[in-house]
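The structure under discussion appears below in the form of structure tokens.
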Protein chains: 2
Amino acid sequence: MNTSTEENYLKAIYHLSLQSENVSTNQIAASLNTKAASVTDMLKKLADKELINYAKYQGVTLTPGGEKIALSIVRKHRLWEYFLVEKLNFKWDEVHDVAEELEHISSKELIDRLDDFMGNPKYDPHGDPIPDCNGLFKAHELKPVSSLFLNDSGIISGVRDHSSSFLQYLEKMQLTIGKKIKVAEINDYDHSVILNSEDKKVHISRDVANNLLISL
Amino acid sequence: MNTSTEENYLKAIYHLSLQSENVSTNQIAASLNTKAASVTDMLKKLADKELINYAKYQGVTLTPGGEKIALSIVRKHRLWEYFLVEKLNFKWDEVHDVAEELEHISSKELIDRLDDFMGNPKYDPHGDPIPDCNGLFKAHELKPVSSLFLNDSGIISGVRDHSSSFLQYLEKMQLTIGKKIKVAEINDYDHSVILNSEDKKVHISRDVANNLLISL
DNA sequence: TAAAATTTTTAGATTAGTCTAAAATTATTA
DNA sequence: TAATAATTTTAGACTAATCTAAAAATTTTA
């Protein structure tokens with residue numbers, strides 16, 4: 001078994017790997033709110049366990065074993081988020097911290113039964129795909145609202161920013177997962193966008209448009 | 001906040017306190033599968049935090065603050081056990097270890113919502129009372145089968161031994177929570193007991209009779 | 001391409017929890 | 001009640017994870 005801390009490092013490396021091939025010590029330190037020196041120590045430990053490929057100064061990648069563990073943590077995190085929202089009526093901006101704790105409960109039996117109990121959901125409350133018990137998942141084909149052209153339309157299916165302030169903002173604007181939207185206007189000057197959603201016009205900034213993801 | 005380890009010590013002291021007024025270092029060591037020296041270290045720490053009353057060589061008791069924390073852990077443990085059995089179809093002998101992990105999830109909001117989700121159950125799958133969100137609970141008035149006389153009857157409402165081997169044995173004998181039983185025969189020689197349960201006779205040893213609890 | 005800036009690693013401490021072995025205290029019993 | 005036994009505490013060491021400060025390596029830039 002691995003410690004929660006090791007699991008958190010593997011998960012962080014997994015998420016960072018989706019952006020850049022080789023993940024740097026500083027990137028990991030930033031994402032875990034820790035110091036580079038601490039990261040180096042842990043990288044040595046994870047490399048000894050053959051969970052990451054690590055060469056001094058060269059950054060890291062996950063080995064297949066490390067990725068398997070990372071995916072099991074992601075699976076647990078997303079299934080617990082789904083449970084909190086769908087069964088316990090938490091709001092989508094309230095679940096992250098609790099799921100960060102729950103994801104380290106080790107029982108595989110527990111998580112597989114929880115998955116069945118909820119009907120094997122494919123996406124969590126933020127639209128992120130939930131790996132199945134073998135670590136497999138199919139991601140939506142998502143693009144940011146900012147990449148759409150005038151009169152393009154789509155369905156809100158995910159977010160790039162998971163911060164509660166962003167999620168609360170979307171909630172207030174009624175731009176939540178599943179809503180159908182259409183681009184009514186694009187402002188050339190500041191790249192803000194006016195959307196049509198359920199017969200109402202919603203004006204969002206370039207930043208928001210960049211972090212709001214659509215499927216067609 | 002306290003660490004999981006501190007919580008485990010407080011919980012152990014709480015359970016041991018139900019048996020004997022002052023709890024000894026060795027009792028705690030045995031119940032946590034650790035060594036007396038480790039316990040002494042932790043007792044100092046808990047005393048510094050004013051969670052226990054501790055005088056060298058004299059054993060410990062919980063302070064009101066320590067008891068409050070212990071009860072919150074017991075509440076979480078029992079509610080999670082109820083969830084595992086009632087919602088996820090675990091058997092009553094399979095839930096202990098998972099609940100030992102889940103009881104350390106810190107969110108009070110989570111556990112109070114879980115409580116509501118399940119309809120605020122009063123007893124866990126082993127018949128132990130579940131403290132409410134203020135730490136209050138009413139215990140069943142329970143007595144062991146071994147204390148009954150011929151032709152006495154009652155309802156199986158709890159167990160003294162929580163080991164999975166004992167629980168599995170009861171399951172096999174169909175002596176589970178809620179079953180009505182009547183003492184059909186008491187063997188003077190070995191104190192074994194023959195029970196009538198649902199028109200069937202069940203023969204149990206003195207040991208089993210001692211660990212099986214009845215309400216009238 | 002050499003100097004400067006940045007990133008990463010090493011060295012050495014610190015904290016929480018644990019351990020063994022030895023010393024101190026308390027309890028038992030003869 | 002003095003010797004013995006049992007329990008408890010202290011002393012000193014170890015592991016996991018973290019930190020600061022300094023050294024080493026890499027990258028940037030002029």
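Within every chain, numbering begins at 1; the chains are lettered A, B, ... in the order of the sequence lines, protein sequences first and strands thereafter.
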Salt-bridge present (Glu6(A), Lys11(A); N to O < 4.0 Å):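 No, this pair does not count.
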Contacts under 3.5 Å, N or O only, protein and nucleotides 5-12 of chain D:
from    : atom 1 : to       : atom 2 : distance (Å)
dT8(D)  : OP2    : Asn26(B) : N      : 2.8
dT8(D)  : OP2    : Asn26(B) : OD1    : 3.4
dT8(D)  : OP2    : Asn26(B) : ND2    : 3.4
dT9(D)  : OP1    : Tyr54(B) : OH     : 2.4
dT9(D)  : OP1    : Tyr57(B) : N      : 2.9
dT9(D)  : OP2    : Thr25(B) : OG1    : 2.9
dT9(D)  : OP2    : Thr40(B) : OG1    : 2.8
dT9(D)  : O4'    : Tyr57(B) : OH     : 3.4
dT10(D) : OP1    : Lys56(B) : NZ     : 2.5
dT10(D) : OP2    : Lys44(B) : NZ     : 2.7

Nucleotide paired to dA11(D) in any strand shown, Watson-Crick or G-U, under 3.5 Å: dT20(C)
Between [atom2] of [N] and [atom1] of [X], the distance in whole Å:
{"X": "Met42(B)", "N": "dT15(C)", "atom1": "CE", "atom2": "P", "result": "16 Å"}
{"X": "Lys35(A)", "N": "dT9(C)", "atom1": "NZ", "atom2": "P", "result": "17 Å"}
{"X": "Leu46(A)", "N": "dA16(D)", "atom1": "CG", "atom2": "C1'", "result": "12 Å"}
{"X": "Glu7(A)", "N": "dA16(D)", "atom1": "CD", "atom2": "P", "result": "16 Å"}
{"X": "Glu6(B)", "N": "dT18(C)", "atom1": "CD", "atom2": "P", "result": "10 Å"}

[N], OP1 or OP2 - any side-chain N/O from [X] closer than 4.0 Å?
{"X": "Tyr9(B)", "N": "dT18(C)", "result": "yes"}
{"X": "Thr5(B)", "N": "dA16(C)", "result": "no"}
{"X": "Thr3(B)", "N": "dA16(C)", "result": "no"}

Nearest heavy-atom neighbours spanning Tyr14(A) and Ala70(A): CB-CB, 3.6 Å
Aromatic ring proximity, centroids under 6.0 angstrom, Phe83(B) and Phe83(A): yes
Aromatic ring proximity, centroids under 6.0 angstrom, His77(A) and His96(A): yes
Glu50(A) CD: over 12 foreign heavy atoms closer than 6.0 Å: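 Incorrect, the count does not exceed 12.
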Face-on cation placement of Lys87(A) at Phe117(A) ring, 6.0 Å and 45° thresholds: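 Cation-pi check for Lys87(A) and Phe117(A): passes.
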